[in-house]
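Worth knowing before you read on, the calculation uses all heavy atoms, side chains too, and leaves out hydrogens, waters and symmetry mates.
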Amino acid sequence: MSESDFIPKRLIVARKRRGLTISSLSKEANISTKSLSEYENRKKLPSSLTLQRLAIALDVPLSYFSRPFLNDIPKEAVSFRAPSKMSVRNSDMALSIAGHAVELRRWIDQNYQTPPVDVPTLHHYEGVKAAEIAAAVVRAKWGLGDAPLGNVVHLLELHGIAVFSSRAGNEEFDAFSFREDGGLFILLNTSKSAERGRFDASHELGHLVLHSEAVNPNTPATEREANAFASAFLMPEADVRAHFTRYPSMEQILKKKSRWGVAAIALAYRLHDLGLLSDWLYQTTCVNLSRRGYRSAEIGGIDRESSRLLNQVFNDIWQTRGRYESLRNDLSVNARDINDLVFGLAPVGFTGSAERTEPAKPDLKLIQGEKNF
């Protein structure tokens, strides 16, 4: 690429995705902070040699800096958990990951047939009890009844939500969601237990249903509503009441939590919310679960959920000669950055041929083969 092709926004996004300040990038690339600031503010164009040094320091292909402008994902439009406790560095990294997720999804949509968005917006359902009703509305609209859900990630994809993993290098971010150009996105932390991952996915669905058009989706009230939505979505009242009488023991909770694929503490919370556990018994149960290690992990838990759609896409990419290189060239990204977004499904060590092919679009409509979809 020539100096005139340089897009300053690309430098900013790449720097933030690596968690670097201008000062730290200056040391990594051996370029003055003054020059870096001028590059990012369109006051000066970097030379070809400087661009090569930046590409090496940021671990991106040189062509990355000439890609079309990467749209900003506004921080206020993203449902971050506890945003007041989130550092600027981490929020910048997460927003950069979000922008790259949007680009990858657009590439997938252009090359494969994906399900259309089919998610209701229920912004007038305000308050915890209303959020539980909203969960029942979504279940009814999707024909789920009161039965336990199968793979939640597959269910979200079936209804047009783009689900990615929220990881940058060795750093994991908590789950978050946002709406962009008509698309709905959820990014999940893959270091949590599978049960907590299911709850996170349902929590973020709650944000998309209840708050995706809100001016500020990041308030204590919206978090409580999303939690209530997730709890009711995963554990419908009628089904829970059908399997528990009042005042169940901790052993009963541990035995039955797998029915809904939830954490023991999440089930205890739901039982307390439905009046099946008294305040005292709920507190005692949570204390005892914590003592047995259930606060930080799920002993004998379920298998972690991943993405069916992304698995199908990357199976096709892997089997079609030159397809993976085509993806990397089209988006100007390296293998690690793709892998961080797609639950580790990308072939990181693959170099392959640069030959380009144009296969027919495979039909990636998700089949309702998963139990209880």
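Side-chain contact check for L188 versus F164: every heavy-atom pair is 4.5 Å or farther apart. Counting only heavy atoms from C-beta outward, the side chains of S307 and V163 never approach each other to under 4.5 Å. Annotation: side chain of F343 is not in contact with side chain of N311 (no heavy-atom distance under 4.5 Å). Counting heavy atoms from C-beta on, the side chains of V153 and I186 never come closer than 4.5 Å.
When only modelled atom types and interatomic distance are considered, D109 and T114 share a side-chain donor-acceptor pair under 3.5 Å. Inspection of the T222 and T219 side chains reveals an N or O donor paired with an N or O acceptor under 3.5 Å. In the model, R17 has no side-chain atom that pairs as donor or acceptor with a side-chain atom of S96 under 3.5 Å. Judged by distance alone, the side chains of S177 and E204 do bring a donor and an acceptor atom under 3.5 Å apart. Judged purely by distance below 3.5 Å, without hydrogens or angles, the side chains of D59 and N334 pair a donor atom with an acceptor atom.
Proximity of a side-chain donor or acceptor of S165 to a complementary backbone N or O of D340 within less than 3.5 Å is detected. Listed for the R198 side chain is a donor-acceptor partner under 3.5 Å among the backbone atoms of G150. Between the S87 side chain and the N90 main chain, a donor and an acceptor come within less than 3.5 Å of each other. Side-chain atoms of Q283 never come within 3.5 Å of backbone atoms of W280 as a donor-acceptor pair (strictly under, hydrogens ignored). Between the side chain of E157 and the backbone N or O of L309, at least one donor-acceptor pair lies under 3.5 Å. A donor-acceptor pair under 3.5 Å is formed between the side chain of S24 and the backbone N or O of T21. S66 places a side-chain N or O within 3.5 Å of a backbone atom of S63 that can act as its donor or acceptor partner. Distance alone, capped at 3.5 Å, is enough to place a donor-acceptor pair between the R241 side chain and the L274 backbone. The closest donor-acceptor contact from the side chain of E195 to the backbone of I302 lies under 3.5 Å. Formation of a donor-acceptor pair under 3.5 Å by the D146 side chain with backbone atoms of A238 is not found in this model.
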Applying salt bridge (Lys or Arg N to Asp or Glu O under 4.0 Å) to E103 and R67, what does each step give before you reach the verdict?
CA-CA 11 Å; E103 286 198 321; R67 287 271 302 150; 3.4 Å; yes
Give the C-alpha distance, both sets of side-chain angles, the deciding distance and a yes or no for side chain to side chain contact (heavy atoms under 4.5 Å, CB included) between Y112 and D316.
CA-CA 10 Å; Y112 299 91; D316 177 74; 2.6 Å; yes
Show your working on salt bridge (Lys or Arg N to Asp or Glu O under 4.0 Å) between R328 and E325 and close with a plain yes or no.
CA-CA 5 Å; R328 291 182 57 185; E325 288 304 310; 3.7 Å; yes
Check step by step if side chain to side chain contact (heavy atoms under 4.5 Å, CB included) holds for Y39 and L45.
CA-CA 6 Å; Y39 301 151; L45 290 176; over 6 Å; no
Show your reasoning for whether side chain to side chain contact (heavy atoms under 4.5 Å, CB included) applies to K141 and V119.
CA-CA 9 Å; K141 178 176 174 59; V119 178; over 6 Å; no
Go through the steps for H100 and D337 under the test side-chain hydrogen bond (donor to acceptor under 3.5 Å, both in side chains), then give the verdict.
CA-CA 9 Å; H100 286 94; D337 289 337; over 6 Å; no
Checking K9 against D72 for the salt bridge (Lys or Arg N to Asp or Glu O under 4.0 Å) test, could you report, in this order, the C-alpha distance in whole Å, the side-chain angles of both residues, the deciding distance, and whether it holds?
CA-CA 9 Å; K9 181 64 179 177; D72 284 318; 2.3 Å; yes
Evaluate R15 against E40 for salt bridge (Lys or Arg N to Asp or Glu O under 4.0 Å), listing each step before the verdict.
CA-CA 10 Å; R15 174 175 62 77; E40 291 191 358; 2.7 Å; yes
side-chain hydrogen bond (donor to acceptor under 3.5 Å, both in side chains) evaluation trace for S26 with S23:
CA-CA 5 Å; S26 171; S23 177; over 6 Å; no
For side-chain hydrogen bond (donor to acceptor under 3.5 Å, both in side chains), just list the numbers for T50 and S47, CA-CA rounded to whole Å, side-chain angles, deciding distance to a tenth of an Å, and then say yes or no.
CA-CA 5 Å; T50 298; S47 67; 2.9 Å; yes
Tell me, with the steps shown, if R179 and T121 meet side chain to side chain contact (heavy atoms under 4.5 Å, CB included).
CA-CA 12 Å; R179 180 188 295 267; T121 53; 3.4 Å; yes
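V128 and V137 are not part of a single hydrophobic cluster, where members link through side-chain heavy atoms under 4.5 Å apart. Residues L62 and I56 are members of separate hydrophobic clusters, defined by side-chain heavy-atom contacts under 4.5 angstrom among Ile, Leu, Val, Met, Phe, Trp and Tyr.
Just one residue in the list T285, L277, I253, L289 forms a side chain to side chain contact (heavy atoms under 4.5 Å, CB included) with L267, and that residue is I253. For the pairing with D174, the salt bridge (Lys or Arg N to Asp or Glu O under 4.0 Å) check across K192, R196, R167 returns one residue only, K192.
Between W260 and H243, the ring-plane angle classifies as perpendicular under the 30° and 60° cut-offs. Relative ring orientation between Y269 and Y282 is described as perpendicular, the plane-to-plane angle rising above 60° on a 0-90° scale split at 30° and 60°.
Minimum interatomic distance between F176 and S166 (heavy atoms only, all atoms of both residues): CE2-CB, 3.9 Å. Considering every non-hydrogen atom in both Y294 and A264, the closest pair reads CD2-CB, 4.2 Å.
Here the straight-line distance linking atom CG of N111 with atom CG of L327 works out to 8.5 Å at 0.5 Å rounding. Atoms CG and OH, on L276 and Y247 in that order, are 9.0 Å from each other to the nearest 0.5 Å. To the nearest 0.5 angstrom, I161 atom CD1 is 11.0 Å from F185 atom CZ. Note: R308 CZ to N315 CG = 12.5 Å, rounded to the nearest 0.5 Å. Atoms OG and CZ, from S290 and R295 in turn, are 4.0 Å apart once rounded to the nearest 0.5 Å. To the nearest 0.5 Å, the span separating CZ on R105 from CD on Q110 amounts to 11.5 Å.
In this structure R42 satisfies the side chain to side chain donor-acceptor pair (under 3.5 Å) test with no other residue, sequence neighbours excluded.
Taking a cutoff of 4.0 Å between a charged side-chain nitrogen and a carboxylate oxygen, R259 and D239 qualify as a salt bridge. Under the 4.0 Å criterion applied to side-chain N and carboxylate O atoms, R270 and D273 are assigned as salt-bridge partners. With respect to the salt-bridge test (charged N to carboxylate O, under 4.0 angstrom), the residues K255 and E251 do not qualify.
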Could you tabulate the donor-acceptor pairs under 3.5 Å formed by side-chain atoms of residues 225-233, not counting sequence neighbours?
unit_1 : atom_1 : unit_2 : atom_2 : d
E225   : OE1    : H211   : NE2    : 2.6
E225   : OE2    : G127   : N      : 2.8
N227   : OD1    : H203   : ND1    : 2.9
N227   : ND2    : E223   : O      : 3.4

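Taking the ring axis of Y64 as reference, the NZ or CZ atom of R10 stays within 45° of it and closer than 6.0 Å to the ring centre.
Remark: D303 CG is loosely packed, at most 12 non-hydrogen atoms of other residues, nucleotides or ligands lying under 6.0 Å away.
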